[in-house]
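Being a predicted model, the structure only gives us computed values, none of them experimental.
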Amino acid sequence: MLVYPSSIDLSTRTLRFLAGQLTARRGDIGTRWRRLPVARQALLALAQLRCGDTYARLAAGFGIGIATVHRYIREAIEVLAALAPTLADAMRTIRTKAFVILDGTLLPIDRIAADTPYYCGKHKRHGMNVQVLTDPFGRLLWASPALPGSTHDLTAARQHGNIDALAAAGLKCWADKAYQGAGRPVRVPFRGRHLKQWKRRHNTTHAKIRCLGEQAMATLKGWRLLRKLRCSTNRITAIVQAVLVLHHASA
């Protein structure tokens, strides 16, 4: 098998952060020897998360077995996911902001047509629904646990407690039409084709504010593993949380 060098568009700061967390993990469990040193394990995990490389390709590139690759990556994801901010943590940060932007995205998954709970009629594909909160500049603050793709954005937001938390804190929130009926803290555009002029102006202003939230989606999709997930749906929440932690560590 031919092996060639490649690159990952992440800084050494991100690598050092993950390596530090893995070092602490090995100390906690009393690891005495591994096939890969900490820095190489961190690099392995980043290659999979950022580039979406398969276990077989990573095994060949790092000179280890596929089972070892799976074990090392899963360990790194679990270590990172444990550091992810909860909604309560995010709310403490959000209270210092003028407002937040709420949006949802569908992370595509590899599923057959029979898996109806994961099929999103809007996007015409199978996936997992993830809700995100961003600051006024589009910086990612929080990502929710993943729900089946058939879940409506408003239902998902209510299930995660986003709307109740924002209402309790008295914070303003901008969102798209999918959140119509969310209640007072969530501001959505007017619906309909024949709107009055002042309503059209309102929608234009609203869109200019809300479009900054799309930067958060681009941040998530910049981690190419999230563009097509082929793992168990039970692991997707941990993967999203790991990506969020790495994003904050590299900011």
Side-chain angles (χ1 to χ4, degrees), residues 1-19 21-23 25-26 31 33-84 105-115 117-120 123-130 140 143 145-149 217-247 249-250:
M1 181 177 292
L2 298 176
V3 179
Y4 64 94
S6 186
S7 63
I8 306 175
D9 55 341
L10 293 171
S11 65
T12 55
R13 178 180 178 180
T14 308
L15 179 65
R16 288 195 300 269
F17 170 78
L18 180 52
Q21 297 300 321
L22 291 174
T23 299
R25 163 73 174 175
R26 292 188 183 189
T31 298
W33 181 83
R34 292 280 186 97
R35 288 291 304 274
L36 292 181
V38 170
R40 294 287 288 173
Q41 182 184 356
L43 185 63
L44 172 72
L46 292 177
Q48 216 258 341
L49 290 170
R50 188 68 176 181
C51 304
D53 290 335
T54 62
Y55 289 164
R57 292 181 62 181
L58 292 171
F62 284 81
I64 56 178
I66 294 178
T68 305
V69 170
H70 178 272
R71 187 169 64 252
Y72 281 2
I73 292 176
R74 185 158 191 160
E75 180 183 45
I77 290 174
E78 289 174 354
V79 167
L80 291 169
L83 302 173
T105 187
L106 186 78
L107 301 180
I109 60 174
D110 186 15
R111 282 291 180 272
I112 61 176
D115 295 325
Y118 301 98
Y119 184 77
C120 176
H123 297 279
K124 301 294 188 292
R125 66 192 310 176
H126 293 82
M128 298 294 285
N129 181 301
V130 173
L140 188 60
L147 294 175
M217 301 307 176
T219 297
L220 284 178
K221 299 300 176 66
W223 297 78
R224 286 180 280 281
L225 180 65
L226 297 181
R227 297 179 186 177
K228 185 68 172 181
L229 289 155
R230 294 178 174 84
C231 61
S232 168
T233 54
N234 295 327
R235 294 187 56 207
I236 293 177
T237 293
I239 292 173
V240 172
Q241 291 173 339
V243 167
L244 176 63
V245 172
L246 289 172
H247 167 67
S250 61

Exercise. Output every pair passing side chain to side chain donor-acceptor pair (under 3.5 Å) with a member in residues 73-83, not counting sequence neighbours, ordered by first then second residue.
Key: Arg25-Glu75, Arg34-Glu75, Gln41-Glu75

Quiz item: Which pairs pass side chain to side chain donor-acceptor pair (under 3.5 Å) with one or both residues in residues 48-64, sequence neighbours excluded?
Solution: Tyr4-Arg57, Asp9-Arg50

Quiz item: Looking at Leu44, Thr68, Leu43, which hits side chain to side chain contact (heavy atoms under 4.5 Å, CB included) with Leu58?
Solution: Leu44

Quiz prompt | Residue pair Leu83 / Phe17: nearest heavy atoms and the distance that separates them | solution = CD1-CZ, 4.0 Å

Exercise. Please name the pair of heavy atoms, one in Ile73 and one in Ala45, separated by the smallest distance, quoted to 0.1 Å.
Key: CG1-CA, 4.3 Å

Exercise. Could you go through the side-chain contact (heavy atoms from CB on, under 4.5 Å) check for Leu106 and Arg125 one step at a time?
Key: CA-CA 9 Å; Leu106 186 78; Arg125 66 192 310 176; 3.6 Å; yes

Quiz item: Checking side-chain contact (heavy atoms from CB on, under 4.5 Å) for the pair Gln21/Val245: CA distance, chi angles, key distance, verdict?
Solution: CA-CA 11 Å; Gln21 297 300 321; Val245 172; over 6 Å; no

Quiz item: Looking only at heavy atoms, what is the nearest atom pair of Pro117 and Pro148, with distance?
Solution: O-CB, 3.0 Å

Quiz item: So, for Ala39 and Ala19, which heavy atoms are closest and what is the spacing to 0.1 Å?
Solution: CA-CB, 4.4 Å

Quiz item: What distance separates His247 NE2 from Leu10 CG, expressed to the nearest 0.5 Å?
Solution: 12.0 Å

Quiz prompt | Heavy atoms of other groups near Arg227 CZ, more than 12 under 6.0 Å | solution = yes

Quiz prompt | Partner of Leu80 under side chain to side chain contact (heavy atoms under 4.5 Å, CB included), chosen from Leu244, Leu22, Leu246 | solution = Leu246

With a cut-off of 3.5 Å and sequence neighbours excluded, list every side-chain donor-acceptor pair involving residues 231-240.
{"unit_1": "Ser232", "atom_1": "OG", "unit_2": "Asn234", "atom_2": "N", "d": "3.2"}
{"unit_1": "Thr233", "atom_1": "OG1", "unit_2": "Tyr118", "atom_2": "OH", "d": "3.4"}
{"unit_1": "Thr237", "atom_1": "OG1", "unit_2": "Ala146", "atom_2": "N", "d": "2.9"}

Quiz item: Say you draw a straight line from CE of Met217 to CG of Leu107; how long is it, rounded to the nearest 0.5 Å?
Solution: 9.0 Å

Quiz item: What closest approach, in Å, do Ala84 and Gln241 show between heavy atoms, and which atom pair accounts for it?
Solution: CB-CB, 3.6 Å

Practice problem: Could you check if a side-chain atom of Cys51 sits within less than 4.5 angstrom of a side-chain atom of Ile8, using non-hydrogen atoms only? | Solution: yes

Practice problem: Find the distance between CZ (Arg230) and CD1 (Ile109) and round it off to the nearest 0.5 Å. | Solution: 11.5 Å

Quiz prompt | Least distance between heavy atoms, Gly65 atom then Ala59 atom | solution = C-CB, 4.0 Å

